[in-house]
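What follows is a set of notes on a single structure, which appears directly below.
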Amino acid sequence: MGEVGLRLPVLVCGLLGLAAIPLAVARRLGRPAGYALAWLVALSPLLVLYSRIVRPYLPIVLFSFLAAAAFEAWWRTGRRRYAAVYVAFAGLSGFFHLASAPFVVAPLVFAAGDLLLGRLRRPRADPSPCRRPGWRALAAVAAALGAAFLAFLLPARSSLLALVGDKRAPFEVTGRTVAGVLELEAGSGRAGAAAAFWLVALLGLALLFRRDRRLGAYTLTLVAVQCLGLLALSPEMLGHPLVLDRYLLPILPWVLAWAAVGLTEPWPGRALRRGLRAGLAALLVAGLALAGPLPGRGFLASSFLGHNDFVAFFCPRSHPAPGAVPVFYREILRRETDAPVLEFPFIPLWIYDHAYYAYQGVHGQEVLVGLVEPLPELRFRLRNSVPPAPRDFLASRARYLAVHTDLLGEEERLGGHCWPLVARMKPRDRRLLANSGRRMAGWLVAQWGPPDLRDGTIEVWDLSRLRRHLQPAGPDLMAMGGPRRAPPEELGRAE
């Protein structure tokens, strides 16, 4: 399996969400709201980024949205097929990530409250000849959802309970955390743009209540129960905006739907004509897009969009001072037109590695990474992550190989993100990064001879030159390139 196979399921969920979310809202609230929501979904940085990352967050956005939309249709019309769709997608969402459980249970909370407090007035524009559900039907759907959860989660109950207990941490959400989450959901780290988005979203919620009180209360219940449920569960690192926002991703389509209503719903008194409202809506959507990270110089061109520093776009990334960038990156690579560079060592944690994306922002070339520890050979065939062996370095599409003999020192000189995800590097990871680069450099010197360039603690080999030099060897080329994989103890062993 390669990168395409790994990313495809998440990417497909993103594409399906791009179609399903606006279509569902258009059927319920009209085409103008659906059109506006389509643009907001397509340009939401969080939805774009998580559609590229092999993690469960984008799938739960799609599954939980479909579940909530299906429940609303069932509660409004009484048609059982919608209840079945709700149970199926709610159970699937909980299976993909437990953090979505409060959200998919929220419709049951709303329905119970609706029955207890009395039915709100049915909107005139949506008459339904069907008999609406009652307590017995609600209890049956709740039991079916419980059975779906058990079917997915019961086989893993022992490790699941241990994980939940291990993940729980003291409450640590602060005002700064909330401010960061609001900027992430708005899609811009600029306070003015984020404030404008939330004003329009809250206006949309108020207009939705004016148009259909039951639907407005339903969407507000979804958002509130997910927020309160996370605060009650209190998983670890919830004080970091990026972590809290990951768990709040199921509410994002509904917040965007509020904004879409605020952009398109006629205001009280019809103060603005339809054409003027459409122009203002287009202006706000364009302004949000331009104020977000996607149009930024080199953002989408980076090889490290899955890094936490890119996803946490509310905070500036690491930017080295000109004098801190090695000559190889700021002079040699910048003069090249197509020279992919292979960086070694690399630990795929997306927490510590700031140097490589910071250097790429200077030289602009494609970046591949050399793994400290090889992945299982029979399960992955990756083009961008190269096993730690000379043979694989030569077989890659890289022009240059840059081995960092003191990557930890480079990281410390660069500094991290303005809000680091983890304060300290794990001892094992520190040992690997401290030893693997120096050992690999020594091994390559023995295999290939001296590097073409030494730039401080960076040793660079021109792989194109080595391929030409080794080409006459014919079938022995790979043998001259070294063994298939480097023994991990030779690369990462502590002194």
Sidechain-backbone polar pair: R381 side chain, G2 backbone, donor-acceptor under 3.5 Å: no

For the pair R399 and E336, find out whether any cationic side-chain nitrogen is under 4.0 Å from an anionic carboxylate oxygen. yes

Mind running side-chain contact (heavy atoms from CB on, under 4.5 Å) on Q360 and S303 for me, showing each step along the way? CA-CA 8 Å; Q360 188 182 28; S303 301; 2.9 Å; yes

Going by an N to O cut-off under 4.0 Å, is there a salt bridge joining E373 and R428? yes

Considering only heavy atoms from C-beta outward, does the side chain of V369 approach that of F344 to under 4.5 Å? no

Report the distance from atom OG of S51 to atom CG of L58, rounding to the nearest 0.5 Å. 3.5 Å

Heavy-atom closest pair (A289 atom, L43 atom, distance to 0.1 Å) is CB-CD1, 3.9 Å

Examine distances only and state if a side-chain atom of E265 and a backbone atom of L207 form a donor-acceptor pair shorter than 3.5 Å. no

Given the rule in the side-chain contact (heavy atoms from CB on, under 4.5 Å) test, do L371 and V386 qualify, once you have shown the distances and angles that lead to the verdict? CA-CA 6 Å; L371 301 173; V386 182; over 6 Å; no

Does a donor on one side chain and an acceptor on the other come within less than 3.5 Å for Y359 and E410? yes

Answer yes or no: are there more than 12 heavy-atom neighbours, outside R190 itself, under 6.0 Å from its atom CZ? no

Test log, rule ring pair (Phe, Tyr, Trp, His ring centres under 6.0 Å), inputs Y400 and F328: CA-CA 10 Å; Y400 294 105; F328 171 64; 5.5 Å; yes

Write down the atom of L40, the atom of A260, and the distance for their closest heavy-atom approach. CD1-N, 3.8 Å

Check for a donor-acceptor pair, side chain of W443 on one end and backbone N or O of R438 on the other, with a separation under 3.5 Å. no

Measure the NE2-OG1 distance between H240 and T177 for me, rounded to the nearest 0.5 Å. 9.0 Å

Sidechain-backbone polar pair: D406 side chain, G409 backbone, donor-acceptor under 3.5 Å: yes

Test side-chain contact (heavy atoms from CB on, under 4.5 Å) on L249 and I60; report intermediate values, then the result. CA-CA 8 Å; L249 277 177; I60 66 173; 5.5 Å; no

Would L6 and M1 count as a side-chain contact (heavy atoms from CB on, under 4.5 Å) here? Give the steps. CA-CA 7 Å; L6 284 168; M1 182 177 288; 3.4 Å; yes

Looking at P241 and V181, what are the two nearest heavy atoms and their distance? O-CG2, 3.6 Å

Check D452 against D462 and note the closest heavy-atom contact, atom names and distance. OD1-N, 2.8 Å

Is there a side-chain contact between F197 and L256, using heavy atoms and a 4.5 Å cut-off? yes

So, D353 versus H307: side-chain donor-acceptor pair below 3.5 Å or not? no

Close side-chain approach of M440 to F393, heavy-atom, < 4.5 Å: yes

Does the gap between the ring centers of Y247 and H97 come in under 6.0 Å? yes

Going by distance alone, is a donor N or O of one side chain under 3.5 Å from an acceptor N or O of the other, for R397 and N384? yes

Close side-chain approach of L300 to L305, heavy-atom, < 4.5 Å: yes

Heavy-atom count around R465 CZ within 6.0 Å, excluding the residue itself: above 12? yes

S436 side chain to L432 backbone, donor-acceptor under 3.5 Å: yes

Separation of Q365 CD from I332 CD1 (nearest 0.5 Å): 12.0 Å

Of the options D245, L184, V61, L47, which is the one that meets L252 in a side-chain contact (heavy atoms from CB on, under 4.5 Å)? L47

Side-chain (E3) to main-chain (R383) donor-acceptor, under 3.5 angstrom: yes

What is the distance from atom CZ of R31 to atom CG of L23, rounded to the nearest 0.5 Å? 10.0 Å

Do I53 and V10 make a side-chain contact, defined as non-hydrogen atoms from C-beta onward lying under 4.5 Å apart? no

Have a look at F310 and tell me which of Y50, Y357, F304 forms a ring pair (Phe, Tyr, Trp, His ring centres under 6.0 Å) with it. Y357

Could you tell me whether the side chain of W461 reaches within less than 4.5 Å of the side chain of V403, counting heavy atoms only? yes

Side-chain (D166) to main-chain (A162) donor-acceptor, under 3.5 angstrom: no

Are the side chain of Q226 and the backbone of P250 linked by a donor-acceptor contact shorter than 3.5 Å? no

Where does the angle between the aromatic ring planes of H404 and Y329 fall among parallel (under 30°), tilted (30 to 60°) and perpendicular (over 60°)? parallel

Is a side-chain donor or acceptor of E459 paired with a backbone partner of T405 at a separation under 3.5 angstrom? no

When rounded to the nearest 0.5 Å, the distance separating CH2 of W39 from CG of L263 is 13.5 Å

Does any non-hydrogen side-chain atom of L401 lie less than 4.5 Å from one of V460? no

What residue pairs, at least two apart or across chains, pass side chain to side chain donor-acceptor pair (under 3.5 Å) with a residue in residues 251-263? T219-W258

Quiz question: by atom type and distance under 3.5 Å, do the side chains of S100 and S93 form a donor-acceptor pair? yes

What one should report as the nearest heavy-atom pair of E343 and V367 is CG-CG1, 3.8 Å

Short question: side chain of S159, backbone of A156 - any donor-acceptor pair under 3.5 Å? yes

Could you report the tightest heavy-atom contact between L290 and P295, atom names first, then the distance? CA-CG, 4.0 Å

Verify whether the ring centers belonging to F313 and F299 lie closer than 6.0 Å. no

So, taking the atom named CG in L208 and the one named CG in L220, what distance separates them when rounded to the nearest 0.5 Å? 10.0 Å

Taking C-beta and beyond as the side chain, do V311 and L242 meet within less than 4.5 Å on heavy atoms? yes

